[in-house]
2 protein chains.
Amino acid sequence: MRKGQGSVTDAAAWGASRIGMALPMVLATAQKFALAVEAAASIGELGDLIDAITREMGFRYFALAHHVDIARSAQPAIRIHNYPPEWEAYFDAEGLGRSDPVHRASHLRNLGFPWTMLGELIDLTRRDREIIARSKCVGLADGYTVPAHIPGESEGSCSFATAAGRTYRTEWLPLAQFVGAAAFAAARRLAGVRPIDSNRPHLSDRQRDCIYWAARGKSDWETSQILGIGHDTAIQHMKEARRRYGVINRTQLAIHALYDGALTFTDALKR
Amino acid sequence: MRKGQGSVTDAAAWGASRIGMALPMVLATAQKFALAVEAAASIGELGDLIDAITREMGFRYFALAHHVDIARSAQPAIRIHNYPPEWEAYFDAEGLGRSDPVHRASHLRNLGFPWTMLGELIDLTRRDREIIARSKCVGLADGYTVPAHIPGESEGSCSFATAAGRTYRTEWLPLAQFVGAAAFAAARRLAGVRPIDSNRPHLSDRQRDCIYWAARGKSDWETSQILGIGHDTAIQHMKEARRRYGVINRTQLAIHALYDGALTFTDALKR
DNA sequence: TGGCCATTCCCCAGAAATGGGGAGTTTCAA
DNA sequence: TTGAAACTCCCCATTTCTGGGGAATGGCCA
């Protein structure tokens with residue numbers, strides 16, 4: 001907490017001195033938020049920060065969550081929010097994690113969207129309309145949702161909502177895009193979703209080449225032809241790569257390489 | 001709790017905009033950009049818009065790389081950029097499909113990141129370091145990359161880079177997050193990406209069970225013991241799952257299952 | 001009822017992967 | 001100059017995967 005405050009103050013001083021004049025306040029706000037969430041040491045602290053900036057942006061509520069059915073899922077899932085308790089109870093009772101219309105719409109986008117656009121993004125079923133009506137009943141009037149997706153992880157989003165009778169100002173939505181993404185990233189860090197491992201194994205270029213082709217379904221022999229090396233050499237690279245990751249087969253090898261960024265899904269799914 | 005937020009509350013611009021005065025310029029810029037890209041009618045027009053705002057943000061170069069529907073349909077990928085031609089030539093010549101380190105790192109994040117953070121995000125091989133050195137040679141000094149992911153559909157990123165000898169202003173990075181996301185969304189719209197991929201193969205429960213254990217490195221025999229079924233049955237489930245995804249081995253099977261959410265890294269990397 | 005699907009089980013043969021060993025050259029940095 | 005790491009190649013034996021057949025059961029739905 002003290003630490004977080006210090007960062008905020010330092011950041012402001014640093015930003016101002018750097019450009020030598022008053023920074024546009026909204027950017028200063030965003031930057032301070034960025035530094036504060038990076039320094040946040042607990043989920044509770046993060047929640048406080050998001051709550052504060054939510055109000056700064058003219059919203060009343062926020063909800064940052066993985067789109068999973070918390071009751072049923074074995075996944076460790078993130079959920080931080082200040083929505084009304086009735087809504088959370090209803091949400092969990094109905095198992096809306098994956099079927100909530102706002103969540104479904106966010107699966108189609110990388111950019112944030114206002115809830116008024118829901119009807120254009122997805123087909124609203126009768127149940128969806130009930131869910132929306134219900135949300136208005138508990139005080140969630142209008143909102144804006146920022147998707148947060150990372151390949152291989154549960155989908156997520158960060159929503160901001162107004163209280164009944166209030167509207168938000170569209171001028172601030174660009175900032176909401178950043179705030180939502182930064183908040184999600186911080187939550188992910190604090191939840192240990194993909195901790196940065198300093199002992200991450202190092203692969204040689206050739207090892208990575210071989211994994212790349214293996215992930216695309218090539219046999220070691222095919223890889224050797226593609227790379228212009230001997231069959232045994234390709235096998236050797238795969239052996240050494242498995243040893244470094246401490247795994248026993250190429251499936252796990254590919255998954256580990258995907259997980260720590262040695263490979264991408266774009267690489268692996270190419271035809 | 002609002003502690004440490006005093007510095008935010010005194011935001012003069014916020015107060016001003018609430019009472020109807022002129023918007024802070026930077027927000028006006030962002031909003032104008034949002035409206036302009038939504039209205040853009042061609043890739044060329046979109047490129048011009050991104051170029052303009054790139055310079056406003058204190059960068060010199062941008063590159064929006066769009067990977068459309070990698071696995072299934074053969075839609076052309078979008079690449080819009082104003083990088084030096086030497087760089088594009090180098091990349092097309094040397095790339096050979098293996099993605100550059102910036103792209104790899106972007107697959108691990110939902111939030112933008114400065115290139116200086118690359119070494120923390122992923123393991124850099126010798127070749128990666130050469131690529132980075134090469135990029136500096138052609139004038140791409142430092143940069144910031146905004147990831148853009150949409151589940152099951154397309155992946156990409158939008159990067160902003162400074163010219164040699166220049167630095168960007170960190171105050172503008174929150175805006176870059178929005179600009180990158182909005183530009184990507186626009187590119188996606190202009191490329192005519194279909195909104196919903198409903199062609200995902202359906203897996204039976206048992207097939208998913210078998211893939212789950214296979215992704216964790218188990219042999220079919222081990223899986224059969226875990227699930228209490230016969231060895232041949234486990235083999236049969238894997239066969240059918242491969243057939244449905246149209247892949248030829250378990251490595252690709254696991255990758256596809258991860259990619260479309262039938263599995264997550266949390267599942268696959270459990271000890 | 002008949003068709004579809006999920007689930008279970010069985011056979012075979014060839015291809016591929018895995019684990020164990022060893023060894024030479026080059027490159028780069030200490 | 002020395003050493004570490006990368007890259008290359010080779011041998012062996014065993015396990016595992018893959019693709020090709022076929023078949024019985026039970027549930028669900030039109």
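Each chain gets a letter, A, B and so on, in the order its sequence line appears, and its residues count up from 1.
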Could you tell me whether A:H149 and A:F184 have their ring centroids closer than 6.0 angstrom? no
Which atom names give the shortest non-hydrogen contact between A:D100 and A:I131, and what distance separates them? OD2-CG2, 4.1 Å
Heavy atoms only: give me the nearest B:S204-B:R244 pair and the separation to one decimal. N-NH1, 3.7 Å
Over how many whole Å does the gap from [X] atom [atom1] to [N] atom [atom2] extend?
{"X": "A:E240", "N": "C:dG19", "atom1": "CD", "atom2": "P", "answer": "13 Å"}
{"X": "B:E222", "N": "C:dA17", "atom1": "CD", "atom2": "P", "answer": "18 Å"}
{"X": "B:L253", "N": "C:dA17", "atom1": "CG", "atom2": "C1'", "answer": "17 Å"}
{"X": "A:D232", "N": "D:dC7", "atom1": "CG", "atom2": "C1'", "answer": "14 Å"}
{"X": "B:Q207", "N": "C:dT8", "atom1": "CD", "atom2": "P", "answer": "11 Å"}
{"X": "B:Q252", "N": "C:dA17", "atom1": "CD", "atom2": "C1'", "answer": "16 Å"}
{"X": "B:R127", "N": "D:dA6", "atom1": "CZ", "atom2": "C1'", "answer": "13 Å"}
{"X": "A:R244", "N": "D:dA5", "atom1": "CZ", "atom2": "P", "answer": "9 Å"}

Please determine if B:R166 and B:D142 form a salt bridge, counting it only when a charged side-chain N lies under 4.0 Å from a carboxylate O. no
Do NZ/NE/NH1/NH2 and the carboxylate oxygens of B:R243 and B:E240 come within less than 4.0 Å? yes
Tell me which nucleotide among C:dT7, D:dT8, D:dC10 gets nearest to the side chain of B:S204. C:dT7
Residue whose closest nucleotide on DNA chain D lies nearer the 5' end, A:G228 versus B:R126: B:R126
Examine C:dC9: is either OP1 or OP2 under 4.0 Å from a nitrogen or oxygen in the side chain of B:T233? Give yes or no. yes
Ignoring backbone atoms, establish whether B:H237 has a side-chain N or O less than 4.0 Å from OP1 or OP2 of C:dT7. no
Summary of protein contacts for nucleotides 15-27 of chain D, nucleotide by nucleotide, where a base hit scores B, a sugar-phosphate-only hit scores S (4.0 Å, heavy atoms): -SSBBB-------
Any base atoms under 4.0 Å from B:R129, or only sugar-phosphate, or nothing? Heavy atoms, all strands. nothing
Please answer whether the main-chain N or O of B:I229 pairs with a side-chain N or O of B:T233 as donor and acceptor at a distance below 3.5 Å. no
Which one of A:S157, A:S106, A:S159 satisfies the side chain to side chain donor-acceptor pair (under 3.5 Å) criterion with A:T145? A:S159
